[in-house]
Each structure stands twice: as structure tokens, then as C-alpha cells.
Protein chains: 4
Amino acid sequence: MPKTQEKHLFNRLSAEKQERIMHACIEEFARAGYINASTNKMAKAAGISKGSLFKYFSSKKELYVEVIDHILEDFFGYVQSKDHYLEEKDILERLKLVTKETYSFFRKKTSLFKVLMRVKTEGKMNVMEQLKERWEPKVAFFYGRFFSGVDFSNLALTQEEFIKLWNLIDYAIDSEVLSELNGEFSMDDLEAAYENRLGLIHRVLKNGIYKKEKK
Amino acid sequence: MPKTQEKHLFNRLSAEKQERIMHACIEEFARAGYINASTNKMAKAAGISKGSLFKYFSSKKELYVEVIDHILEDFFGYVQSKDHYLEEKDILERLKLVTKETYSFFRKKTSLFKVLMRVKTEGKMNVMEQLKERWEPKVAFFYGRFFSGVDFSNLALTQEEFIKLWNLIDYAIDSEVLSELNGEFSMDDLEAAYENRLGLIHRVLKNGIYKKEKK
Amino acid sequence: MPKTQEKHLFNRLSAEKQERIMHACIEEFARAGYINASTNKMAKAAGISKGSLFKYFSSKKELYVEVIDHILEDFFGYVQSKDHYLEEKDILERLKLVTKETYSFFRKKTSLFKVLMRVKTEGKMNVMEQLKERWEPKVAFFYGRFFSGVDFSNLALTQEEFIKLWNLIDYAIDSEVLSELNGEFSMDDLEAAYENRLGLIHRVLKNGIYKKEKK
Amino acid sequence: MPKTQEKHLFNRLSAEKQERIMHACIEEFARAGYINASTNKMAKAAGISKGSLFKYFSSKKELYVEVIDHILEDFFGYVQSKDHYLEEKDILERLKLVTKETYSFFRKKTSLFKVLMRVKTEGKMNVMEQLKERWEPKVAFFYGRFFSGVDFSNLALTQEEFIKLWNLIDYAIDSEVLSELNGEFSMDDLEAAYENRLGLIHRVLKNGIYKKEKK
DNA sequence: CATGAATGAGTTTTCATTCAT
DNA sequence: CATGAATGAAAACTCATTCAT
């Protein structure tokens with residue numbers, strides 16, 4: 001008795017087909033957001049029938065969850081593979097390196113980025129509930145890696161507090177950027193908007209998060 | 001004799017009815033955001049006909065603008081009336097006082113808060129254009145007040161930078177709170193979520209925004 | 001006991017007011033046609049309330065009938081006052097003169113003309129039934145005048161046949177002109193379109209389509 | 001194997017269903033004209049859902065174009081199949097024959113006739129633009145046939161003038177008939193109304209309105 | 001298993017008509 | 001008598017989801 005029977009129908013498809021479908025769905029969600037995204041267009045773009053799409057994912061909402069999960073899998077996989085930042089011991093410098101990697105990942109995958117930003121916006125829908133279950137362990141693992149080897153002795157914040165702060169910063173920048181950039185934006189626009197804010201934030205963080213130099 | 005003749009049809013309704021309609025619309029916009037809000041549901045909830053709703057507001061977009069304007073008017077009016085914070089000269093302490101007033105205003109008006117949070121993220125729609133015209137002068141006036149009498153000589157940030165930072169903080173907290181609290185949330189939840197973050201932020205700001213003491 | 005009690009409420013209004021209302025209605029019907037004409041706009045343009053408009057005319061349809069009647073009254077009155085054409089004894093020449101007078105009447109009253117043309121188009125509605133009752137006697141009277149003194153001895157058609165032919169010509173030109181000119185048209189456009197066709201028609205009326213046998 | 005894959009969804013339906021839908025739409029357009037025709041009523045009458053109707057035809061406008069195209073296809077196909085009139089060399093006699101065939105076609109299809117009459121008068125809408133593209137080549141082909149073998153040497157009109165005249169006659173009769181017959185009319189009524197006018201018209205076309213001068 | 005035609009409740013908006021004041 | 005706020009049926013059109021083939 002194989003225990004794959006509980007698995008999604010979708011997962012039994014060939015990798016190529018899975019990727020094709022995911023790609024089509026991501027593009028559509030990125031283009032239009034959850035509500036306005038058309039499952040019809042997705043099916044057409046993926047070259048499958050509407051019927052099949054709803055066989056693979058029982059509803060639009062579930063599809064959304066899977067799409068986001070797929071993106072996160074992709075992203076965390078990438079970040080994990082780039083761990084040269086671990087050599088940098090200063091936490092702020094390490095943060096800058098990770099941010100840079102994040103850019104370089106999303107630069108070629110703008111659609112993924114758009115979908116993720118939209119998720120935050122469309123928070124309400126209880127989609128989020130289902131997402132968190134999957135999201136959190138991955139995030140926890142990532143944080144574990146990020147902080148490994150960091151010396152907290154000269155920091156005024158605990159690791160937990162630093163994470164909380166980091167989340168806030170992400171949210172802040174994403175949201176503000178999202179409301180500044182109108183719908184259509186290039187990754188260049190995006191990076192410019194980021195740079196605009198990150199300098200200030202880092203300056204504030206620097207003179208705040210470290211213990212006051214004595215004397 | 002005021003010349004109300006040119007005023008909106010809506011404004012001629014009894015205060016009770018105006019409030020009933022506004023309330024219904026706010027609840028619906030809070031629940032679903034601009035795009036998904038249903039004018040049908042609003043009319044039904046307000047106990048008026050679809051026809052009447054569109055007599056009062058010529059389109060869904062205009063309705064949205066008026067609703068938000070209504071909320072802001074309400075909010076800024078309240079904040080303005082509470083200006084004891086001006087006595088506090090330290091900017092961070094002053095910020096805390098203002099934030100506290102903000103809480104106490106929105107505590108009883110969770111829906112207003114939700115609508116405003118959504119506005120920020122629905123940037124795209126050209127509704128925003130019309131909103132900005134009305135919004136910005138009010139915001140500018142508010143900032144003018146907030147900074148009056150503040151001594152910048154011991155601050156490492158310009159007023160402009162401070163505003164930018166403040167905006168980021170607002171966005172950060174709003175967004176994170178929004179995605180943390182699922183749809184239905186009490187103002188207690190909200191305040192708890194805020195407190196959770198504000199303490200940390202203020203601590204970081206404190207040791208960062210002031211010039212390093214020499215010696 | 002005055003017998004005005006059966007009369008329309010409308011007819012008891014001052015001549016000035018009647019004219020003001022009629023004018024507003026005509027302009028609106030001319031602008032938009034029966035279906036799309038807005039009774040709201042009429043009332044507003046006439047400076048009366050919607051309620052009053054529907055007191056004066058029990059429905060939009062009845063209003064339409066009255067408006068058309070008003071126009072025809074106006075037109076037939078004018079044509080009657082210009083009877084110099086009676087001096088011309090040749091029927092075709094007389095017809096040309098009358099056509100010319102028709103132009104000169106409508107040139108200053110394009111809206112009246114538009115309404116009349118539209119009536120023909122929107123034939124179906126049983127508005128027509130009610131109209132005919134009023135229309136026909138006036139038309140009969142007009143025809144009586146038109147033919148007075150005409151020598152039928154050299155005509156191959158009876159008076160009745162000539163009238164039938166005349167009607168056909170009017171319909172033909174109006175309809176074709178209407179479908180050629182797109183909604184918005186000046187009286188110049190209109191006259192040009194007419195001239196374009198009338199020459200041919202007169203030639204055929206005069207001689208038929210075959211060449212005259214020589215000799 | 002014809003490559004029908006690019007064809008309309010509508011064309012893939014069973015002939016019976018296509019006919020049922022077309023019939024319902026034609027009846028509705030005939031009843032109410034383009035603007036007032038209700039797509040809801042059409043769907044209901046055809047026994048299909050609103051959704052399906054808009055799957056088959058992407059908009060009301062497109063539906064209208066297709067309906068008219070359908071009628072014209074039908075009509076021109078019929079006329080083409082009946083070309084015995086080509087044996088008649090006199091143009092007026094040939095015209096009579098064609099007119100007779102036209103009757104016999106529309107006798108059983110009154111609604112088709114009504115729709116076509118309405119099209120002519122609803123000139124304004126830019127629907128017409130799309131229609132002309134399809135209509136004109138068919139009409140041109142038909143005229144080409146009609147005049148083939150006709151001797152113009154004894155005609156006082158050019159072919160172009162004759163066509164213009166013919167159009168006028170069509171418009172005249174259609175319009176007058178339309179306004180005479182109120183909404184509901186049988187094809188018998190129609191033919192009677194036609195006969196009533198055509199005899200006169202042909203007489204005038206032949207000789208003009210004046211008696212022939214004695215030689 | 002895959003398909004895609006069919007569905008119908010839903011959307012925003014309009015406007016002739018009524019009726020309480 | 002005059003008013004004009006209120007009504008609600010109707011319009012064209014969309015789209016996630018189902019189910020017979």
C-alpha cells in the first residue's frame with residue numbers, strides 16, 4: 001500500500017507539466033491578483049482544460065495556496081544554496097548580503113515577487129491560515145541558518161527581536177513600494193524604490209541596535 | 001443662511017440616515033476592499049434601494065472617495081482636538097502620545113481602521129488620484145502641527161527623513177497586523193499586536209535617531 | 001359648466017410655460033430619440049419638477065405624442081401661411097417650391113426635424129396609432145390646399161396617386177438620409193443629402209427611366 | 001478534413017440548436033430593434049443561459065452582426081438560386097421578377113424582413129461599420145448579376161443612377177410599410193402593402209407622371 | 001482520466017414612475 | 001397643486017465551478 005494515495009493529483013504529473021501549469025498560474029496571479037485572476041486563462045495558458053485544472057486543485061483558493069507554496073519553496077531553496085553570507089559576522093552586513101541575494105533572485109522572476117507582494121495585501125482571505133502551516137517551518141529553518149555564527153554579545157536585541165524587526169522592515173518596504181509603484185513596474189523601479197529606503201533604515205539600525213560604545 | 005444648495009444630495013439626508021448609510025458602506029469596504037465590495041450589499045445593509053445609493057453617490061468610485069474622506073475627516077478632527085502632545089518636546093515621547101490617541105480613536109471604530117489600511121495597499125486604482133487631492137493637505141497640516149516646537153538640533157534626521165521613517169513604521173505595523181489578524185479582529189487584538197511591535201521600534205529608534213553623546 | 005375640464009392639465013398652463021416645457025422636451029427627444037430621451041433631463045431643462053411633468057403628461061409615451069403633435073401644428077401652420085406656391089400651376093414646380101419652403105422652415109428648427117425623422121424610424125411603438133388620429137386631418141387639409149388649382153388634365157396620375165407617390169418620396173429620402181448621416185448632422189449636411197437625391201427623382205418623375213423616343 | 005478549429009463556438013453547435021438560438025434572437029431583434037432588444041429574453045426564449053449566449057457571441061453587437069449576416073446569407077443564397085430573371089432583358093420587367101422572388105422568400109420569414117428593415121434605419125450605431133464590410137461585397141455581386149445582359153442603350157439613367165433609384169424605392173416601401181403595419185403583421189399584409197405601391201411606382205418609372213404628349 | 005460546454009448568481013448602473021410631504 | 005426623494009426592475013456582461021461525454 002503506497003501512501004501516495006493521499007497526495008495531490010497534481011503531484012503525480014510529470015515535472016515538466018507541473019512546471020508548465022505553475023508558470024501559467026503564477027503569471028496570471030501576478031498580472032491580476034487573486035480576485036481578478038482568471039482560471040480560464042490559466043488553463044488555456046498551461047495548455048490544459050479547465051476541468052483538469054479543477055481536478056488538480058479543488059478550488060481557486062487551493063490553487064492559490066499551492067502557487068504561493070511553490071514560490072516560497074523556490075525562493076528558500078535558492079537562498080539556502082547561497083550561503084557565502086555566513087562568512088560575514090556583522091549582522092547588518094550579513095543582512096545587506098542576504099537582501100542583495102534576494103534581489104538577484106527576484107530580478108529574473110518578477111512575477112514571483114509580484115505574487116508574494118500581493119499575498120500580503122490580500123491578507124484577509126483565510127488563505128493565509130493554510131499558508132502559515134507550510135510557511136512557518138521553512139521560515140524558521142531559514143532564520144536558523146541566517147543567525148548561525150552571529151555574535152549577539154554586542155547586540156542590544158535578542159535574535160527573536162531582530163527577526164521581528166526584520167519582518168517589520170520587509171513589510172514596510174514592500175507595502176510602501178507597492179503603493180508607490182503603479183501596477184506595472186519593472187524590477188529596476190523596484191530596486192530604486194528599495195534603495196531609496198534601505199539607506200535610511202540601515203543608518204537608523206546601525207546607531208541603534210549596537211550597544212553604545214563606552215567612553 | 002448657508003448655501004447648501006450645491007451640496008451633495010447625500011448631505012441633505014437626516015444625520016441618522018447618513019450615518020446608517022456610511023456605516024453600511026464602511027463595513028462592506030472594510031470586509032472586502034474596494035474591488036470586491038458589493039454596492040448591492042451596501043444598499044441592502046443600509047436599508048435603502050440600489051437606486052438611492054447611486055443617487056447619493058454617482059458611482060462606486062465616488063462612494064469610495066467619500067467614505068474615505070469621511071473617515072479621515074473624522075480622524076483628523078479628533079487628533080486635532082487632542083493637542084496636549086504639543087507640550088511634550090521630545091519627539092519620540094510626542095510620537096508615543098500621538099500613537100496612543102490614534103489607538104483610542106480607532107479602538108471603537110475597527111472598520112474605519114481596516115478601510116484605511118486597505119486604501120494604502122490598493123494603490124493602483126486611479127481612485128487614489130482623487131483621494132490624494134483631499135488627503136494631502138490634511139496630512140500636511142497634521143505634520144506641521146506634530147513637529148511644531150520640536151527641537152531638531154539633537155536629531156540625526158531631518159524632519160523629512162523622520163516623516164519617511166514614520167510612514168515606513170506605519171506601513172510596517174499596519175501590514176503586519178493586517179496579515180496577522182485574520183479578517184475578524186477586535187480592537188484589543190489590534191492594540192496587542194501594536195504594543196508588541198511599538199516597544200521594540202521605539203527602543204531601536206531611541207538609540208539611533210539621537211546624535212551620539214560626545215565624551 | 002365650462003367644457004375645459006376634459007382638457008389636459010398642460011393646456012391650462014401659461015403659454016410661456018407651455019412653450020418652455022415643449023422646447024425642453026423637443027430638444028431632448030431630438031438629441032436622444034424616444035427610448036433614450038430622459039424625462040429627468042426634460043424636467044430639469046424646463047425648470048419644472050419630475051412630478052409636474054408626469055402630472056401634465058401621464059406617461060413618457062403620451063408626452064411623445066403631444067410633442068410630435070406640437071411640431072406638426074407648428075409646421076403645418078407655417079406651410080399654410082406661405083401659399084405663394086399656389087401661383088405655380090405645374091405640379092412638379094409647385095412641389096419644388098413647397099420642398100423649398102419646408103427646408104426654410106426646418107433650417108432654423110433642426111430639432112423639430114430630427115424628432116420627426118426619428119418618429120418614422122421608431123415606427124413600431126403604438127405611439128403611431130394615437131398620432132394618426134390627430135395627424136391625418138391636418139395632412140388632408142394640407143393636401144387639399146396643395147392641389148388647389150392644379151390642372152390634372154395633363155397628368156397620368158390621380159391626385160390620390162400623386163399623394164401616395166409623394167409620401168413614398170418623403171419616406172425614401174428621409175430614411176436614406178437618416179442612415180447616411182451619422183446622428184449628429186447639420187442642416188447643411190441634410191440639404192446636401194437631399195439635393196443629391198431630389199434631382200434624380202424629379203428627372204424620373206418628369207420622364208420615367210426610359211429615353212424619349214426621338215421623332 | 002476542413003479546419004473548423006478556428007470557427008466560432010456557435011458554429012460547432014448542432015444545427016437544431018443553432019437554428020433555435022438564431023430564431024430566438026431574430027424574433028427579439030425584429031420585435032424591438034437593436035437597442036431595445038434584450039439579450040436576457042433571447043437566452044430565455046432560446047432555452048439557454050445568459051452565459052452561453054455570451055460564449056457564442058462575445059457581445060450584443062457581435063450577435064447582431066452575426067444575425068444579420070445569417071439573414072443575408074440566407075436571402076442572397078436564395079436569390080442567386082433563382083436566376084431565371086436573367087432571361088428577361090427589359091430592366092423594369094426584370095425588376096418585377098426579382099421583387100416577386102423577394103416576396104416569396106420573405107413571405108415565410110417575416111421576422112427576417114423586419115430585422116433587415118430596422119437595420120437600415122438604425123444607421124447611427126457603429127455596428128453598421130462591421131456590417132458593411134460583409135454586406136457590400138454580397139450586394140455588389142448581386143447587382144452585378146442583376147444588370148448582366150441588360151441593354152442600357154434605351155435607358156435615360158446610368159446603372160449607378162438606377163441603383164440609387166432602386167435603393168430609394170426600397171427605403172420608401174420598407175419605411176412606409178413599417179410605419180403602416182403596426183408591429184404585428186402577416187406576410188399577407190406585407191405583400192398587400194407592397195402591391196399597393198409597386199404598381200404605381202413602376203408606372204411612374206416607365207413613363208413619368210405626365211401624360212405622353214401626343215405625337 | 002481529460003475535456004470544455006453550460007450554468008446562473010453576481011457585478012455596476014439607469015430611469016420612468018410614484019407618493020408622502 | 002407642486003415637489004423630488006425613493007424605488008426596483010431591467011440592462012449587458014463575467015467567471016468559478018460542474019458534469020456528461
Side-chain angles (χ1 to χ4, degrees), chain A residues 9 12-13 17 32 34-44 47-64, chain B residues 9-10 12-14 17 32 35-44 46-63, chain C residues 9 12-13 17 32 34-44 47-64, chain D residues 9-10 12-14 17 32 34-44 46-64:
Chain A
L9 237 68
R12 299 220 203 99
L13 299 175
K17 195 167 186 180
Y34 175 72
I35 304 153
N36 282 100
S38 157
T39 53
N40 285 15
K41 281 179 189 159
M42 289 175 197
K44 178 170 283 182
I48 61 172
S49 72
K50 286 178 249 180
S52 294
L53 190 63
F54 278 84
K55 274 275 190 312
Y56 301 147
F57 309 98
S58 62
S59 72
K60 192 184 183 183
K61 199 190 279 185
E62 199 211 303
L63 169 58
Y64 194 48
Chain B
L9 227 64
F10 178 72
R12 299 216 203 98
L13 299 177
S14 74
K17 194 167 188 180
I35 301 167
N36 274 85
S38 160
T39 54
N40 284 11
K41 284 177 187 159
M42 290 174 196
K44 180 167 282 181
I48 61 172
S49 71
K50 292 179 232 181
S52 293
L53 188 62
F54 279 86
K55 272 268 190 313
Y56 303 147
F57 309 98
S58 60
S59 70
K60 189 184 182 183
K61 201 190 277 187
E62 198 209 302
L63 170 58
Chain C
L9 236 68
R12 298 219 205 97
L13 300 175
K17 196 168 185 179
Y34 175 73
I35 304 153
N36 282 101
S38 158
T39 53
N40 286 16
K41 282 179 189 159
M42 290 174 194
K44 177 168 282 182
I48 62 172
S49 72
K50 286 177 250 179
S52 295
L53 190 62
F54 278 84
K55 274 276 190 310
Y56 302 148
F57 309 98
S58 62
S59 73
K60 192 184 182 182
K61 200 190 276 185
E62 198 210 303
L63 170 59
Y64 194 47
Chain D
L9 228 64
F10 177 72
R12 299 217 203 96
L13 299 176
S14 74
K17 195 166 188 180
Y34 174 73
I35 301 166
N36 275 84
S38 159
T39 54
N40 285 11
K41 284 178 187 160
M42 289 175 197
K44 181 168 280 183
I48 61 173
S49 70
K50 291 180 236 179
S52 293
L53 189 62
F54 280 87
K55 272 268 188 317
Y56 302 148
F57 309 97
S58 60
S59 70
K60 189 184 183 184
K61 201 190 276 186
E62 200 210 300
L63 170 58
Y64 193 50

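This structure is a prediction, so every number in the text was calculated from the model and none was measured.
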Polar side-chain atom of Lys60(B) near backbone of Ala37(B) as donor-acceptor pair, under 3.5 Å: yes

Closest to side chain of Phe54(D), choosing from dT18(F), dA6(F), dA12(F): dA12(F)

Phosphate OP1/OP2 of dT12(E): any Thr39(B) side-chain N/O under 4.0 Å: yes

Sugar-phosphate only, base, or nothing, as touched by Ser52(C) at under 4.0 Å among non-hydrogen atoms: base

Pairing partner of dT21(E) (Watson-Crick or G-U wobble, both distances under 3.5 Å): dA2(F)

Under-4.0 Å side-chain N/O to phosphate OP1/OP2 contact, Tyr56(A) with dC1(E): no

Proximal nucleotide (of dA11(F), dA6(E), dA16(F)) relative to the Ser38(D) side chain: dA11(F)

Base dG4(F) to side chain Lys55(B), donor-acceptor N/O within 3.5 Å cut-off: no

Sugar-phosphate only, base, or nothing, as touched by Phe57(C) at under 4.0 Å among non-hydrogen atoms: nothing

Selected nucleotide, minimal atom distance to Asn40(A) side chain, candidates dA6(E), dT17(F), dG4(E): dT17(F)

Rounded interatomic separation in angstrom, taking NZ from Lys17(B) and C1' from dA5(F): 8 Å

Audit row: Thr39(D), Phe57(D), side chain to side chain contact (heavy atoms under 4.5 Å, CB included) steps and yes/no: CA-CA 11 Å; Thr39(D) 54; Phe57(D) 309 97; over 6 Å; no

Base-pairing assignment for dA16(E) (Watson-Crick or G-U wobble, both under 3.5 Å): dT7(F)

Sugar-phosphate only, base, or nothing, as touched by Ala43(B) at under 4.0 Å among non-hydrogen atoms: nothing

Leu9(D) side chain, from C-beta outward: closest of dC13(F), dT11(E), dA5(E): dA5(E)

Sugar-phosphate, base or nothing in reach of Lys50(C), heavy atoms under 4.0 Å: base

Lys60(C) side-chain proximity, nearest of dT17(F), dT3(F), dT17(E): dT17(E)

Side chains of Leu9(A) and Arg12(A) in contact at under 4.5 Å (non-hydrogen atoms): yes

